[in-house]
Amino acid sequence: MKTSRSEAIFARAQEIIPGGVNSPVRACRSVGTGPLFIAAGSAATVTDVDGNQYIDMIGSWGPLILGHNHPEIIEAITTTMAHGTSFGAPTEIEVTFAETLRAAVPSMEMVRAVSSGTEATMSALRLARGATGRAKIIKADGGYHGHADCLLVAAGSGAATLGIPGSAGVPAGAAQDTLVVPYNDLAAVERCFADHPAQIAAIIIEPVAGNMGLVVPAQGYLQGLRDLCTKHGTILIFDEVMTGFRVAFGGAQALYGIKPDLTTIGKIIGGGLPAAAFGGRADIMRNLAPLGSVYQAGTLSGNPVAMAAGVRAMQILARPGTYERLEVAGQRLADGLLSAARDAGVPACVNRVGSMLTLFLCDGPVTDYASAKLADTTRFASFFRAMRAAGVFLPPSQFEAMFVSLAHTDQQLDHIIAAARTALRS
Ligand code: HOZ
């Protein structure tokens with residue numbers, strides 16, 4: 001497979017962009033190779049600048065649940081942008097966006113749009129702290145909620161991949177109020193409340209963890225968090241940036257029947273353009289400026305083109321049968337990958353919720369970050385490279401999730417399974 005054009009562009013990129021990429025995981029360092037530069041995407045495939053086509057299991061890290069270049073999304077974007085691309089003044093589509101979101105996720109009684117998941121989580125935490133007058137927050141070890149200072153503590157995703165569980169440049173003061181607990185460990189959360197009475201503003205949690213690889217919440221875990229937050233007057237924030245409209249139309253909170261106080265959401269709700277949002281209980285949301293004293297703002301917040309793409313994506317996903325199809329496709333891929341690993345004699349387990357999943361190269365079970373780290377990352381790196389050579393574009397890290405879209409065909413999923421069978425044998 002010729003990749004000389006990607007390599008040449010990467011050489012140029014490294015001269016001008018740190019590491020040659022605008023987001024670290026894309027550099028593919030942990031899998032011992034360089035990035036491919038993508039020229040185009042169509043349905044479930046991407047084509048690189050050398051003309052190689054791949055089945056895409058990244059889907060822009062989740063947003064592209066409808067596949068690339070979906071005609072209805074493109075139509076919504078082009079129709080909207082014909083009237084202008086940004087005004088820095090309100091537009092009606094922002095209201096429609098908030099109404100559409102609330103109809104799907106009723107706990108989001110009031111909504112504010114932002115441009116990225118990082119902004120959503122950062123803003124939700126400031127709001128929680130402002131509303132409670134408390135400073136401390138709880139997050140999970142290996143949980144990733146974007147790159148705000150107070151959240152880059154024991155963080156997953158790229159921070160995990162690169163082996164820097166914190167980050168240089170985060171002042172001790174910004175991190176000192178972040179308490180870290182193992183995922184799925186309610187007793188550890190109880191200890192935090194006992195050690196810091198009436199000081200904890202919020203728990204922020206991925207209701208299905210997706211950035212230490214995928215980790216499923218244990219039976220009763222989310223309800224336990226809900227009960228503890230209610231008991232202690234602490235705000236429960238579900239970070240549904242990945243799981244919103246992914247694991248169910250109403251997100252993980254609909255799937256598991258738990259109502260958080262605040263939700264952060266992104267990716268799918270932008271229809272492939274940069275949009276995210278946070279929202280929740282109206283009494284909490286009314287603390288935001290201009291109504292209240294918690295400041296939060298953004299020039300491109302509620303950008304009409306992104307809002308239009310997001311509204312259309314949510315409308316398409318509301319059609320009957322969507323999540324049943326995603327479940328069947330996710331199950332097909334998970335079963336196939338697991339049997340490929342078993343046949344190859346490679347220790348493996350698959351964690352999956354709907355159309356997001358991780359193949360961990362270890363016996364498992366993987367229930368938290370400590371058990372995720374038992375996976376064989378060296379073997380994962382060679383697996384990744386062999387899969388890419390076989391035309392499959394996987395997330396370039398053991399500690400990420402792959403995403404099945406509505407555009408993936410059974411033949412494509414079977415191609416991935418067959419490729420894995422060969423890759424895991426070598
Ligand atoms: N934070 C993303 C992985 N969970 C990576 C985003 C990107 O590189 O585009």
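Whatever order the structure lists ligands and atoms in, that order sets their numbers, starting from 1.
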Salt bridge Arg312-Glu75, side-chain N to carboxylate O under 4.0 Å: yes
Residues which pass side-chain contact (heavy atoms from CB on, under 4.5 Å) with Thr422, listed by chain and number, not counting sequence neighbours: none
Aromatic ring pairing Phe393/Tyr54, orientation class (parallel under 30°, perpendicular over 60°, tilted between): tilted
I'd like a table of the close N/O pairs between ligand 1 and the protein (anything under 3.5 Å), one pair per line with both atom names and the distance.
from: ligand 1; atom 1: 4 (N); to: Ser157; atom 2: OG; distance (Å): 3.1
from: ligand 1; atom 1: 4 (N); to: Asn211; atom 2: OD1; distance (Å): 2.8
from: ligand 1; atom 1: 4 (N); to: Glu400; atom 2: OE1; distance (Å): 2.9
from: ligand 1; atom 1: 8 (O); to: Ser23; atom 2: OG; distance (Å): 2.9
from: ligand 1; atom 1: 8 (O); to: Arg26; atom 2: NE; distance (Å): 3.0
from: ligand 1; atom 1: 9 (O); to: Arg26; atom 2: NE; distance (Å): 3.0
from: ligand 1; atom 1: 9 (O); to: Arg26; atom 2: NH2; distance (Å): 2.7
from: ligand 1; atom 1: 9 (O); to: Trp61; atom 2: NE1; distance (Å): 3.3

Expected list for residues 4-14: side-chain donor-acceptor pairs under 3.5 angstrom, two or more places apart:
from: Ser6; atom 1: OG; to: Phe37; atom 2: N; distance (Å): 2.8
from: Glu7; atom 1: OE2; to: Thr3; atom 2: OG1; distance (Å): 2.5
from: Gln14; atom 1: NE2; to: Phe10; atom 2: O; distance (Å): 3.3

Distance flag, aromatic centroids of Phe399 and Tyr144, threshold under 6.0 Å: no
Pairing residues for Ala309 by the side-chain contact (heavy atoms from CB on, under 4.5 Å) criterion, not counting sequence neighbours: Ile73, Ile77, Leu273
